[in-house]
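Worksheet: one structure, shown below.
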Amino acid sequence: MRYLSTRGEAPVREFEDVLLAGLAEDGGLFLPETWPELSAEEWRALRGLPYAELSARLMALFTAPAISEAELLTMTRAAYAGFGHAATAPLVQIEPGIFSLELFHGPTLAFKDMAMQLLGRLFDHVLAKRGQRVTIVGATSGDTGSAAIEACRDRAAVDMVILHPEGRTSAVQRRQMTTVLSPNIRNIAVQGSFDDCQDLVKAMFNDAPFRNEMKLSAVNSINWARIAAQIPYYAYAALALGAPDRPVAFSVPTGNFGNVLAAWVARRMGLPIERLIVGANRNDILARFITSNDMSARPVEPSLSPSMDIQVSSNFERLLFELLGRDAKATAETMTRFRAEGRMPVPDAAWKQATELFHGFTLSDEGTLEEIRRLYAESAYLADPHTAIGTAAARAMRPADAGIPVVVAATAHPAKFPDAVEKATGFRPALPPRMADLHEREERFEVLPADLEAIETVVRGHARRNAA
Ligand SMILES: *Cc1c(COP(=O)(O)O)cnc(C)c1O
């Protein structure tokens with residue numbers, strides 16, 4: 001499979017280069033040159049496969065010819081072996097016609113593990129083959145950092161430095177990062193905000209001599225491999241509910257649009273996905289786009305679902321490119337105007353086409369707490385605030401045909417957001433047994449000022465020591 005950029009000014013690339021590069025040179029995002037499609041018969045033949053096998057089968061369509069299905073299977077088995085559920089991503093019925101696809105049984109209790117656990121292994125595989133190493137630097141407000149650390153711990157060809165704002169992450173979030181004592185992982189608590197951390201990472205990437213010397217890399221949510229690794233769980237759920245012989249719908253609590261984009265790709269590959277419901281908190285730029293073609297950025301406001309506190313959904317560019325008939329020039333112009341004016345001018349015809357599949361839904365913090373309470377009272381189901389937005393959206397926006405089941409992407413374990421769950425239900429959810437001792441584990445991190453030179457010195461020392 002070869003890949004092109006949504007902005008049309010970058011050379012066509014193979015999967016391995018797309019994996020290591022993340023962003024295309026022209027500032028665009030990579031997409032496959034053509035979409036692989038499976039016939040109904042081919043989909044039926046995948047029913048009942050264990051998750052790791054299904055994942056290897058589908059991922060192979062995107063990694064060929066460089067990485068074979070057999071190589072992928074070794075990686076997917078290892079990636080999902082550490083999950084706390086034998087089904088990897090179990091499907092649980094929560095009310096008539098509505099199911100929860102639990103994507104949070106990985107090491108950091110959120111759906112990002114589904115892709116990241118595989119990505120860390122893909123990086124190692126490709127770098128070992130090429131005899132290269134990279135230094136991955138990243139900034140986190142909590143969730144992404146821990147998923148990246150768990151994915152890259154003990155990987156031979158990867159060194160990693162993650163910056164988090166000192167004292168501004170929850171104890172669970174911090175400890176999920178700082179209790180990983182692997183020699184290739186370094187945590188820095190920056191005396192500043194999350195924005196300071198992000199600015200420091202950007203400054204490191206903009207420091208060309210430093211970037212080249214350290215072979216800096218990133219594993220952020222625009223990496224195509226992350227999207228690809230999220231496709232299999234949509235297929236897993238759809239097949240379990242009768243696809244390709246029965247249509248299904250998905251409801252996805254959304255921030256950067258990466259998770260729901262993978263569902264869109266699954267549909268493009270031939271699964272009968274009738275409807276995609278996009279759930280949002282008060283930061284509802286995507287829901288506003290879908291309901292009224294109003295894609296205008298507003299200041300980010302904190303909510304009970306912090307992983308969705310995002311105003312510019314970077315992965316939307318991939319859908320935009322498709323909606324514009326794969327016109328790279330028009331995509332580049334639209335994105336440039338969005339950056340300049342804060343409002344994305346999507347042609348009405350493209351927007352109308354999007355609304356045939358996508359439905360938007362916004363829920364306030366109060367509504368989110370009420371939904372957590374209701375689900376627990378009526379179905380004894382404990383949802384985290386992100387998942388609760390998905391379940392409320394599923395009920396509000398489900399297809400008229402009751403024969404079409406709606407699957408909610410359950411993106412975090414309730415114990416990852418215990419304060420909100422306690423507020424709604426009156427009790428604190430327990431961490432799963434395998435991490436019950438998180439608060440007793442040894443932590444390791446250093447506190448540094450928000451100063452580029454100080455941070456670069458630590459990154460350099462870390463990469464050198466491990467390369468020696
Ligand atoms: C990252 C995240 C989301 C949003 O996913 P996107 O791919 O950015 O849309 C939703 N819920 C949780 C718990 C997350 O960590």
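FYI, side chains are in, hydrogens and waters are out, and symmetry mates aren't considered; it's all heavy atoms of this structure. One-based numbering, in listed order, for ligands and for the atoms of each.
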Checklist line | Heavy-atom gap Ser221 to ligand 1 smaller than 4.0 Å | finding: no
Next item on the list: State yes or no: are the ring centers of Phe417 and His386 separated by less than 6.0 Å?
Entry: yes
Note to self: Suppose we call two aromatic rings close when their centres sit under 6.0 Å apart. Are Tyr234 and Phe250 close by that rule?
What the structure shows: yes
Note to self: So if I count the atoms of ligand 1 from 1 in the order they appear, which ones are less than 4.0 Å from some heavy atom of Gly258?
What the structure shows: 6 (P), 7 (O), 9 (O)
Margin query: Given Gly255, Pro306, Ala280, Ser146, identify the one with the heavy atom nearest to atom 4 (C) of ligand 1.
Written below: Gly255
Next item on the list: Report the part of Lys112 (side chain from C-beta onward, or backbone N, CA, C, O) that has a heavy atom under 4.0 Å from ligand 1; answer both or neither where that applies.
Entry: side chain
Notebook entry, point to check: Do the ring centers of Phe427 and Tyr376 come within less than 6.0 Å of each other?
Noted result: yes
Notebook entry, point to check: Thr254 heavy atoms, cut-off 4.0 Å: which ligand 1 atoms fall inside?
Noted result: 9 (O)
Check: Would Trp224 and Phe62 count as a close aromatic pair, with their ring centres under 6.0 Å?
Finding: yes
Next item on the list: Would you please indicate if the ring centroids of Phe289 and Phe316 are separated by under 6.0 Å?
Entry: yes
Item checked: Identified side-chain contact (heavy atoms from CB on, under 4.5 Å) partner of Tyr3 from the options Leu29, Leu19, Val18 -> Val18
Notebook entry, point to check: Among protein heavy atoms, which sits nearest to atom 3 (C) of ligand 1, and what does the distance come to when rounded to 0.1 Å?
Noted result: Phe111 CE2, 3.6 Å
Item checked: Aromatic centroids of Phe83 and Tyr80 separated by under 6.0 Å -> yes
Check: What residue and atom, counting heavy atoms only, is the protein's closest point to atom 7 (O) of ligand 1, and at what distance?
Finding: Asn259 N, 3.0 Å
Check: Given the rule in the salt bridge (charged side-chain N to carboxylate O under 4.0 Å, His left out) test, do Glu322 and Arg268 qualify, once you have shown the distances and angles that lead to the verdict?
Finding: CA-CA 11 Å; Glu322 297 287 343; Arg268 192 68 193 68; 5.1 Å; no
Note to self: Need the ligand 1 atom indices (1-based, order shown) with element for anything under 4.0 Å from a heavy-atom of Ala412.
What the structure shows: 13 (C)
Next item on the list: May I ask you to identify, for Phe257, whether its side chain, its backbone, both or neither come under 4.0 Å of ligand 1 on a heavy-atom basis?
Entry: backbone
Margin query: Please check whether His386 reaches ligand 1 - meaning an N/O of the residue sits under 3.5 Å from an N/O of the ligand, judged on distance alone.
Written below: no
Next item on the list: Look at atom 8 (O) of ligand 1 and say which protein heavy atom is nearest, naming residue and atom and giving the distance to 0.1 Å.
Entry: Asn256 N, 2.7 Å
Notebook entry, point to check: So which protein heavy atom does atom 12 (C) of ligand 1 come closest to, and at what separation?
Noted result: Thr411 OG1, 3.5 Å
